[in-house]
Amino acid sequence: IGAPDDERIVGFFGQALHRLPGYRRTVEHFISAMSSLSGKPRLILRPHPREDTEQRRQTAAMFETAGLDAVSFADGPVEDAIAVSDVVVSLFSMCTFDTAYLNRFATEPLAVPMSLLFDEEIAAYCRQHGNYFDFAHHTQGLVKPVYEAKDLPAALETALQPRTRRDVWERAHRYLPDPVRAPQRVLDHLAA
């Protein structure tokens with residue numbers, strides 16, 4: 001994306017939840033928090049594969065209207081967008097778990113994954129479709145969840161710090177098992 005090595009980059013990874021008013025509220029809180037950050041990090045937008053053209057346009061327009069210049073990162077593997085980002089932000093997308101595993105295999109800290117779970121409607125939807133609140137990647141600090149909108153600006157500033165990136169990287173190495181044997185473990189369990 002043409003960013004120098006020392007430029008801070010925040011990636012917003014969208015979801016196909018535009019039908020929920022809480023999605024818009026969450027994006028608006030994120031935009032407000034990004035606008036308040038010191039040093040104005042670069043912003044990339046990675047739409048969800050299920051977001052249609054109109055949903056992608058709506059999200060991009062929200063950032064444009066707020067005066068935030070966001071680089072679209074719609075093409076290519078999601079891992080490329082994660083690798084470009086210092087902070088990977090989504091509501092409760094699996095891309096945060098992907099980031100945790102990429103940290104697990106990275107030889108140096110990669111990115112801080114962050115889940116935005118402060119909107120009541122989004123939190124209820126999340127609980128209904130998989131309850132990410134209790135997932136180990138949140139409870140063990142592999143992903144930084146934000147449960148209060150008022151905490152988001154400070155959480156983003158903290159996530160952009162090298163010590164936070166190192167912390168989530170170390171936690172990924174400590175808590176995430178190597179998945180190479182996962183299929184065999186499943187088969188062994190089924191056989192037992």
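Position 1 is the first residue of the sequence, and the numbers go up from there.
Between Gln55 and Pro47 there is no side-chain heavy-atom pair separated by less than 4.5 Å. The shortest distance between side-chain heavy atoms of His18 and Glu51 falls below 4.5 Å. Looking at heavy atoms from C-beta onward, Leu68 lies in side-chain contact with Ser35 at the 4.5 angstrom threshold. A 4.5 Å side-chain heavy-atom check between Leu91 and Phe12 finds at least one atom pair inside the cut-off. Residues His173 and Glu170 have side chains not in contact (no heavy-atom distance under 4.5 Å, counting atoms from C-beta outward). Residues Met34 and Pro41 are in side-chain contact: their nearest non-hydrogen atoms beyond the backbone lie under 4.5 Å apart.
In terms of heavy atoms, Ala172 sits closest to Asn103 at CB-CB, 3.9 Å. Pro153 approaches Leu37 most closely through the heavy-atom pair O-CD2, 3.7 Å. Shown here for Asp119 and Arg25, the closest heavy-atom pair between the two residues is OD1-NE, 2.7 Å. Pairing each heavy atom of Val168 with each of Ala111, the nearest pair is CG2-O, 3.6 Å. Summarising the geometry of Ala159 relative to Val112, their closest heavy-atom pair is O-CG2, 3.4 Å, with the distance given to 0.1 Å. In terms of heavy atoms, Gly22 sits closest to Glu121 at N-OE1, 2.5 Å.
In this structure, OG1 in Thr26 is found 5.0 Å from CD1 in Ile122, a value given to the nearest 0.5 Å. Once rounded to the nearest 0.5 Å, the distance linking OG of Ser85 with CG of Leu43 reads 9.0 Å. A distance of 8.5 Å separates CZ in Arg46 from CD1 in Ile82, rounded to the nearest 0.5 Å. Annotation: the span from Lys144 atom NZ to Leu156 atom CG amounts to 13.0 Å, rounded to 0.5 Å. Here the CD-CD1 distance, from Glu28 to Ile31, works out to 7.0 Å after rounding to the nearest 0.5 Å. To the nearest 0.5 angstrom, Phe13 atom CZ is 10.0 Å from Thr96 atom OG1.
Criterion: ILVMFWY side-chain heavy atoms under 4.5 Å apart, direct or through other members. Under it, Val146 and Val10 are part of a common hydrophobic cluster. Transitive grouping of hydrophobic side chains (ILVMFWY, heavy atoms separated by less than 4.5 Å) keeps Val88 and Val84 in distinct clusters. At a threshold of 4.5 Å between side-chain heavy atoms, the hydrophobic network of Ile, Leu, Val, Met, Phe, Trp and Tyr places Leu152 and Leu45 in one connected group. Met94 and Val78 are not part of a single hydrophobic cluster, where members link through side-chain heavy atoms under 4.5 Å apart. Leu142 and Trp169 fall into different hydrophobic clusters, where Ile, Leu, Val, Met, Phe, Trp and Tyr are joined by side-chain heavy atoms under 4.5 Å apart, directly or via other members.
The neighbour count for Asp75 CG, taken as heavy atoms of other residues, nucleotides or ligands under 6.0 Å away, does not exceed 12. With a 6.0 Å radius and a threshold of 12 heavy atoms from other residues, nucleotides or ligands, Asp178 has its CG atom above the threshold. More than 12 heavy atoms of other residues, nucleotides or ligands shown are found within 6.0 angstrom of CD on Gln184. Heavy-atom neighbours of Arg19 CZ from other residues, nucleotides or ligands within 6.0 Å: above the threshold of 12.
With hydrogens and angles ignored, the 3.5 Å screen pairs no side-chain donor or acceptor of Thr65 with any backbone N or O of Met62. When atom types are taken as modelled, the side chain of Gln15 and the backbone of Phe92 share a donor-acceptor pair closer than 3.5 angstrom. Between the side chain of Thr59 and the main chain of Arg56, no donor-acceptor pair closer than 3.5 Å is present. Under a 3.5 Å cut-off, the side chain of Gln161 and the backbone N or O of Glu157 do form a donor-acceptor pair. Side chain of Arg8 to backbone of Asp86: no donor-acceptor contact under 3.5 angstrom is found. With hydrogens and angles ignored, the 3.5 Å screen pairs a side-chain donor or acceptor of Ser93 with a backbone N or O of Cys95.
Ring planes of Tyr101 and Phe105: parallel class, angle under 30° (limits at 30 and 60°). Taking the six-membered ring where tryptophan is involved, the planes of Phe30 and Phe63 are perpendicular, since the angle between them exceeds 60° and thus also 30°. Ring geometry, His29 versus Phe118: the interplanar angle exceeds 60°, so the pair is classed perpendicular (tilted spans 30 to 60°).
In this structure, Arg57 pairs ionically with Glu54, as a charged nitrogen and a carboxylate oxygen lie closer than 4.0 Å. Contact check on Arg163 versus Asp167 returns no salt bridge, with no Lys/Arg side-chain nitrogen under 4.0 Å from an Asp/Glu carboxylate oxygen.
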